[in-house]
Structures are given as structure tokens and as C-alpha cells.
Amino acid sequence: MTLLHPFRKLAFLIVLLAASLQAQAQGKLLTMQDAILNSNLQPENLKQLSWVAGTDDFVYIDQQDSAAVLMRGSATSTKRIQALTLGKLSKALEAAGAQQLSSFPALHWADGNTLAMEVQHKLYKYNLNADKAEVITTFSEEADYTELDPSLQRVAYTKGNNLYISAPGAPDVALTDEANVAIVYGQAAHRSEFGITKGTFWSPDGRQLAFYRMDQTMVTDYPLVDIAPLPAVPSNIKYPMAGGKSHHVTVGVYNTATKKTTYLKTGEPAEQYLTNVTWSPDGKSVYLAVLNRDQNHMQLNQYDAATGNFVRTLFEEKHEKYVEPEHGLYFLPGNPKRFVWVSERSGFDHLYLYDTSGKQIRQLTSGDWMVTEILGFNKKGTELYYTSTAESPLERHIYRVNLDNGKMKKLSDGSGTHHAQLSPGGNYLIDNYSSREVPRIIRVLNTKGKLAQSLLAARNPVAEYALGETTVFTIKAEDGTDLYARMIAPPNMDKSKKYPVVVYVYGGPHVQLVTDSWLAGANLWMHLMAQKGYIVFTVDPRGSAGRGLAFEQETFRQLGTAELADQLKGVDYLKSLPYVDAERLGVHGWSFGGFMTTSLMLRAPGVFKVGVAGGPVIDWKYYEVMYTERYMDTPEQNPEGYKEANLLNYVEDLKGKLLLIHGTVDDVVVWQHSLAFIKKAVDEGIQLDYFVYPGHPHNVRGKDRVHLMTKVTQYFEDNL
């Protein structure tokens, strides 16, 4: 045995100690508070990162010595300056009548030197050079759903069910004065389907406002109960259920000069969907994608904004199953007669160049992949920037396409998920990127895809924690389709042992759980479960997002059938692994995932030992018109499909332990779903477990979510 020199021995001990400390540092375990509430365990980001109007400058909010600072940089220089401190902004606003700020409000750039912001029910303008704030206009403290006009001078807002505009130097204008609360103005219509996120739409010059009018008088009242007062108070909502009467929507246009409102003559039938509201660049026309209630026939219509008259149908789209328009028209800069339209008519979302007569000039993109986001045009309007799945359904990359010849170029590099913002002049892109291994990288690219500068390389926020290996791979569906799966192993897994599995499931339209993004799209609760000795497994089945129309429509008129078969293929894979304990499989999901969890426990009895279903759809005829009828048609049109998907028909088949969880004021999947399930279980003599969250809607958030996920975790630990 060779003896070490004393100095070398000391050095050797230091190395051993450092290695030991590093191992301990990397061996921390997550608490539930960590997994749910600890923002420090999420990848660092740049708050309010955005471009400055009319420039190639960008800004973001930084925290320096416990003080919030607005930093400003340029795409053409790596220099950063302190543009504004929170204290300085607060003092200027206080001098103009505001109360002290505790954080930066949302900032809107009028130009390179002027900001607008909504603070304490006032719209302020702040001049950076003069360090002076002034009130532009004041609006009601009861205001909701506010929207600034493009000139940053006016605020549209709702109060109750009515709509108002606040503008400088004049009292607020009430666009509507409706006493019947069942008639609603200025709010998102059609239960926010079809890409609808709001109910007001300013014209490009800010002088006209288009808005939704939603008549819900024909829709049945649905009772929610507020248990906080004594006695409890009923609070009715309008909830149109599949096959029942739906609300009637029209679109009004208010002219701030004439102070008159004109309604677009969208005609009959009243039960149709008015979607994708878009102004023409000159403000003379409003375009609507008008969809029939069966959702299989879309007409892109032009209306005269001044008279409301129908002008023309530019084109139509039909599909034997459904058409789902989710994007408005993207007009070319400097060419108000041409626009780009996003359509899934080829089986995948792609870009089409049209003129305003309705003539298709050319298809700009094609292939078995999807355009996922439109970023904007270059200044000349000759190139369009977008993100797509062309590399892989798991990834999102940035591209540009030439509108004259359709030539495409990929601009982002590094496999993973890229989100981007195009600069006002169309010269640069902010690329916000992550992958399974990369928490976040933010950089500025020029529009040739060359790196201009790096803004952030986030550290690994969970580097000190013992996380198991995450793998992403494919399994085969019954028809041979590739399905993407994700598996999280316990830290230091011993493959000679057997481990229980928790399957996390969603499985419905518009959601993709497995992605090439940070942690492969998983959340920290899943890693907490892995630390507790569970394998955590997820598969995106047919019907889920990111794979095109045929993949999504495989579930048409039979929700839960193909998805269940695909989840069972995942189970087959798990059972093929020697380290999986096939007798200890659990499943958990929420909303559509709650429906799938309950389906798996009932329609594949005995496969899963334990299930926890949150906010579950139980019977699709209790769910909303717009979503359900797209995928299932009406109960009258598809009685067999509704019967097969109705989980009340399988209650007596339950084996194993099932916990249902529901919020008592859920206005998305109403409480009646799980209550009906309990009633049926009682009638059938079937035992199950149940937990409610009083006062919570469809999702349980905040500190109560720690309680929720502790409940879910404890149920698995007690029963799996």
C-alpha cells in the first residue's frame, strides 16, 4: 500500500469532502410546496420581455439589489442600460395622482420614448425623457375585460353585462344599457372556443370598436352555490349543454366619431358561430369566419363596417366531420388587398395566400406537419415568419416563407421548443428556447437566422435535487400509428427491483403533454412521485394535439374509445418491462384526463389498482354545446356514441380504488357530473372515495393546490 504525502493526503480528503457535499447537494428531495408553489424551481425568465414600438430595441424587467428595473437593449448592440426604475416610475405616477406601485404594471409602447399603462383604473402616459406621467383617461373601478385601442388613448371595458369606452376629455360612453343580465356585451362568446379569447376588437386606427353581443336568454340557467354566506346563495350561470339550446351571437360596430352602433347582418340561422373577427387595414370592413352549428361548413364573410351589410363570401371550407377555424386574416403590410389564411383543409394547419376577392393565389406551406403560430411579416410584406412542427411533432421551430415563391427557411437551431417575437420592423426575432436538457435560452436572431446576441442562459433550477432519468420514445397504437410517450424513473433506480407506476393522462383535443421542452413537458409533482419510488408514465393518444387532423379526428363520435385503447397499449409496454410491478398500476388525470382516468378504471377493470380523477366528464350530454358537438355531434345524432362514452353505464364494473375530486363551483365540467356518478354508485352498491374543494372552479389553484396534490399523492401511497 502506497502512503500519501501529508499535503496530497489533505488534498485527497478535500476532494472526497467536496464530492460528498456535491452528492448531498444533488440529492435534495422535493417537498409538495416546492413542486407546486416554489417559483425558484422554475427556469429563470425575463419578465415583460418585449420589443419597443418603432425600434429594434427590447426591454425587460430585472431585479437588482431588491429593486425592479426596466432594462433596455438593442438588437444591434450588447450594451444594456437602466431605462427606468420602479421607484422612479412610481414617483412620477404618484405626482399624477396614483398610489405607490409595488410592481411594474403591464407596459405598452406608443413610441421609443412613451409608455402607456393601466394603473388603479386610470390610463397613464409616461414620458421617459421628461420623467413625467399624466392621466389620459379614467374608467370605472368596476371595470372588467379592459382593452386598449391601438393609439393607446381609449379603453374599452365591460361592467356587468354592458360595454363602455373611456376616452380623454369626456365622460365614459355606455355603448349598451341592457338590463337583462342574460344579454352580454363585449365578452368572449361561444365559451371561448374557435380561438376566441376576448369580446372586443379595435379597428387599426382605434376609431371603431367591434364587439360581441351574446343573447343567452334561451339558454337554461344552471345553478352554482356559494356556501360562504349563511344561508348559502345560489348563483346561476348560463350553460348550454350538448343538444340543447345555444346562445345567439351578433357582432356590433361602434363608431367613436358618429357615436352610433351598427350590427353586422350575419343572418339566420341564429345558432351559428361567429369567429375570428378581423378588421380590414382601412377599417372599412369586418371579416368573420361563420360556422354552422354542426361545425362542418365554414364561410369566410366580409361585411361593411359602416352599414353592417353583407358584402361577399370569400370562400368556404367543408369537412364531413368538422371544420375548426381558429385564426383571423393576416393582412400583408402595405398591401390591404392580400392576406394569409391558416387552414387545416389539407389535414394539417398550413398557410394560404389570398386576395380580398376570395381568390387563392398560392399555398405557402405544405407537408405532414403543422404551422403552430404566426409571428408576423417583414416590413415589405414579402416574407412571413411562423413556428411549426416541421422538424418533429415534439418540437417547435422558427421559419420564414417567401410569399412570392413559397420558399421556406428554418431560422432556429437546437432541437427543442422555440417561442419567438418578431421586432416591429421585421428585422429581428427574440427566440425563447428550451429542450429536455436546456431550461431556457433567450437570444436575438436576425431574420436570416444568425445569432445577434444572447440575453439569458438560465441555470438548471433543480440541479441540487435528485431527479430520476426522463426518457421520451414511441409506442405503437392498434393501427400502427406512432404515439409519443414519456417515462420518469425514480432516482438511482435499481432495475433488478420492481416499481409501481403512476400513469398521468389527459388524452383530449388541443393538449399535448409530451414535448421536447424543459423536463419533456413534465411538472415537478411527477418528479416528486418518482422520488417517492414510482415510475411516472404518460402517452399522448390519438385525439391529442400536434399531430394533424386525421390523428385528432380518430376519436370523432366516440370520445374515450381510441384514447382508452392507446392508454392500454402504454400499459402493455409497461408490463413488458422487468422492473415494472404490473399489479401496482395507478392512473391520474384532470378534466378530460379525469374522464380518461374514470374510463380506464371502469372500461378496463382490473388493469389499474388505483385511480384519482379530478373534475371528470362523466356523461358528455352534460358538457357544453360547442366542444361536445364538434367531437360527438348531438345526442340525437349520435345516441350510440354518447351511450358508449357515458361512464354511468359502467359503474358496476369498478375494481380497485377510485377517488373522484371536484370543485363545487366548477363552471366548465359542472359538479353534476361527479354527483351523478356517486348517485349511480350508491344505487349499485359500489364503494368509492370522493373529495370536494368548496368554492373552487374547474382548477384548484394557489395554496389549496398543495392540499389537492397532497391528497392525490396520499391516496396513491395508501392504496398503491
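Note that the numbering runs from 1 along the sequence shown for the chain.
Contact annotation: the side chain of Leu375 approaches that of Ile398 to within less than 4.5 Å [non-hydrogen atoms, C-beta and beyond]. Contact annotation: the side chain of Leu384 approaches that of Val340 to within less than 4.5 Å [non-hydrogen atoms, C-beta and beyond]. At least one side-chain heavy atom of Met408 sits under 4.5 Å from a side-chain heavy atom of Tyr386. Between Leu128 and Thr114 the shortest side-chain heavy-atom distance does not fall below 4.5 Å. Between Trp109 and Pro424 the shortest side-chain heavy-atom distance does not fall below 4.5 Å. Side-chain atoms of Tyr428 and Thr76, non-hydrogen and from C-beta on, do get closer than 4.5 Å to each other. In this structure, the side chains of Val612 and Phe716 come closer than 4.5 Å at one or more pairs of heavy atoms. Side-chain contact between Phe348 and Leu549: absent, with no pair of heavy atoms (C-beta onward) separated by less than 4.5 Å.
Rounded to the nearest 0.5 angstrom, His527 NE2 and Leu29 CG are separated by 13.5 Å. One distance of note links NZ of Lys410 with NE2 of His397; it measures 5.0 Å at 0.5 Å rounding. Between the OG1 atom of Thr597 and the OH atom of Tyr506 there is a distance of 12.0 Å, given to the nearest 0.5 Å. Of the inter-residue distances, the one linking Tyr385 atom OH with Asn378 atom CG reads 5.0 Å to the nearest 0.5 angstrom. Atom CG in Leu429 sits 10.0 Å away from atom CZ in Arg400 (nearest 0.5 Å). Atom-to-atom distance recorded for Asp566:CG and Asp572:CG is 11.0 Å, nearest 0.5 angstrom.
Checked by atom type, the side-chain pair Glu118/Thr146 shows a donor-acceptor distance below 3.5 Å. Between the side chains of Thr372 and Thr387, a donor-acceptor pair is found at a separation under 3.5 Å. Under the 3.5 Å distance criterion, with hydrogens and angles disregarded, a donor-acceptor pair is assigned to the side chains of Ser591 and His698. A donor-acceptor pair shorter than 3.5 Å cannot be found between the side chains of Asn276 and His327. Between Thr365 and His350, the side chains place a donor N or O and an acceptor N or O closer than 3.5 Å (distance only, hydrogens not considered).
The only member of Thr538, Val503, Leu483 that meets side chain to side chain contact (heavy atoms under 4.5 Å, CB included) when paired with Gln567 is Val503. Of the options Thr471, Thr470, Thr515, a side chain to side chain contact (heavy atoms under 4.5 Å, CB included) to Arg486 is made by Thr470 and by none of the others. The residue from His418, Arg443, Arg440, Gln421 that alone fulfils the side-chain hydrogen bond (donor to acceptor under 3.5 Å, both in side chains) condition with Asn432 is Arg440.
Taking the side chain to side chain donor-acceptor pair (under 3.5 Å) definition, one finds that Thr55 meets it with nothing, sequence neighbours left out. Every residue two or more places apart in sequence or in another chain that forms a side chain to side chain donor-acceptor pair (under 3.5 Å) with His707 is listed here: Tyr693. Shown here are the side chain to side chain donor-acceptor pair (under 3.5 Å) partners of Arg72, two or more places apart in sequence or in another chain: Asp57. Listed by chain and number, the residues in a salt bridge (Lys or Arg N to Asp or Glu O under 4.0 Å) with Asp540 amount to none (sequence neighbours excluded). Under the side chain to side chain donor-acceptor pair (under 3.5 Å) criterion, Glu193 pairs with Arg630, not counting sequence neighbours. Applying the side-chain contact (heavy atoms from CB on, under 4.5 Å) test to Gln100 and every residue at least two apart in sequence or in another chain returns Ser90, Glu94. Taking the salt bridge (Lys or Arg N to Asp or Glu O under 4.0 Å) definition, one finds that Glu554 meets it with Arg542, sequence neighbours left out. For Tyr504, the ring-ring contact (aromatic ring centres under 6.0 Å, His included) test picks out His588, with sequence neighbours left out. Residues forming a salt bridge (Lys or Arg N to Asp or Glu O under 4.0 Å) with Asp482 (at least two apart in sequence, or on another chain): Lys476. Qualifying salt bridge (Lys or Arg N to Asp or Glu O under 4.0 Å) partners for Lys198, counting only residues two or more places apart in sequence or in other chains: Glu147. Residues that satisfy the side-chain contact (heavy atoms from CB on, under 4.5 Å) test with Val438, not counting sequence neighbours, are Tyr433, Ser435, Ile441.
Between Leu445 and Leu451, the shortest heavy-atom contact is CD2-CA, 4.0 Å. Considering all non-hydrogen atoms of both residues, Ile488 and Ala530 come closest at CG2-CB, 3.8 Å. What you find for Val342 and Asp349 is that their closest heavy atoms are CG1-OD1, 3.9 Å. Across every non-hydrogen atom of Phe537 and Met487, the tightest pair is CD1-CB, 4.2 Å. Between Ala613 and Gly594, the closest heavy-atom pair is CB-O, 3.5 Å. Between Lys409 and Lys448 the shortest heavy-atom distance is CE-O, 3.2 Å.
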Query - side chain to side chain contact (heavy atoms under 4.5 Å, CB included) between Phe592 and Glu563, intermediate numbers included - result: CA-CA 11 Å; Phe592 199 102; Glu563 305 97 311; 3.5 Å; yes
Report task. Assess whether side chain to side chain contact (heavy atoms under 4.5 Å, CB included) is satisfied between Ser412 and Tyr399, documenting all intermediate values. Result -> CA-CA 7 Å; Ser412 53; Tyr399 298 81; 5.8 Å; no
Query raised in the report: When you look at Leu41 and Tyr465, which way does the side chain to side chain contact (heavy atoms under 4.5 Å, CB included) test go after all the steps?
Result: CA-CA 10 Å; Leu41 297 187; Tyr465 289 78; 3.7 Å; yes
Report task. Run the numbers on Trp525 and Thr713 for side chain to side chain contact (heavy atoms under 4.5 Å, CB included), then give the verdict. Result -> CA-CA 9 Å; Trp525 174 79; Thr713 302; 2.9 Å; yes
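Within the structure, the salt bridge (Lys or Arg N to Asp or Glu O under 4.0 Å) test picks out the following pairs touching residues 495-518 (sequence neighbours left out): Arg436-Asp516.
In Tyr579, the OH atom is crowded: over 12 heavy atoms of neighbouring residues, nucleotides or ligands sit closer than 6.0 Å.
Between the side chain of Gln48 and the backbone N or O of Leu107, at least one donor-acceptor pair lies under 3.5 Å. For Ser77 (side chain) and Lys79 (main-chain N/O), a donor-acceptor pair under 3.5 Å exists by modelled atom type. Although no hydrogens or angles enter the test, the distance criterion places no donor-acceptor pair under 3.5 Å between the side chain of Asp65 and the main chain of Ala67. With hydrogens and angles disregarded, no donor-acceptor distance shorter than 3.5 Å links the side chain of Tyr60 to the backbone of Asn45.
At a threshold of 4.0 Å, the pair Lys532-Glu717 counts as salt-bridged, since one of the basic side-chain nitrogens sits closer than that to a carboxylate oxygen.
Taking the six-membered ring where the residue is Trp, the centroids of Phe691 and Tyr715 are separated by 6.0 Å or more.
Aromatic ring pairs are classed by plane angle as parallel below 30°, tilted from 30° to 60° and perpendicular above 60°; the pair Phe58 and Trp51 is perpendicular.
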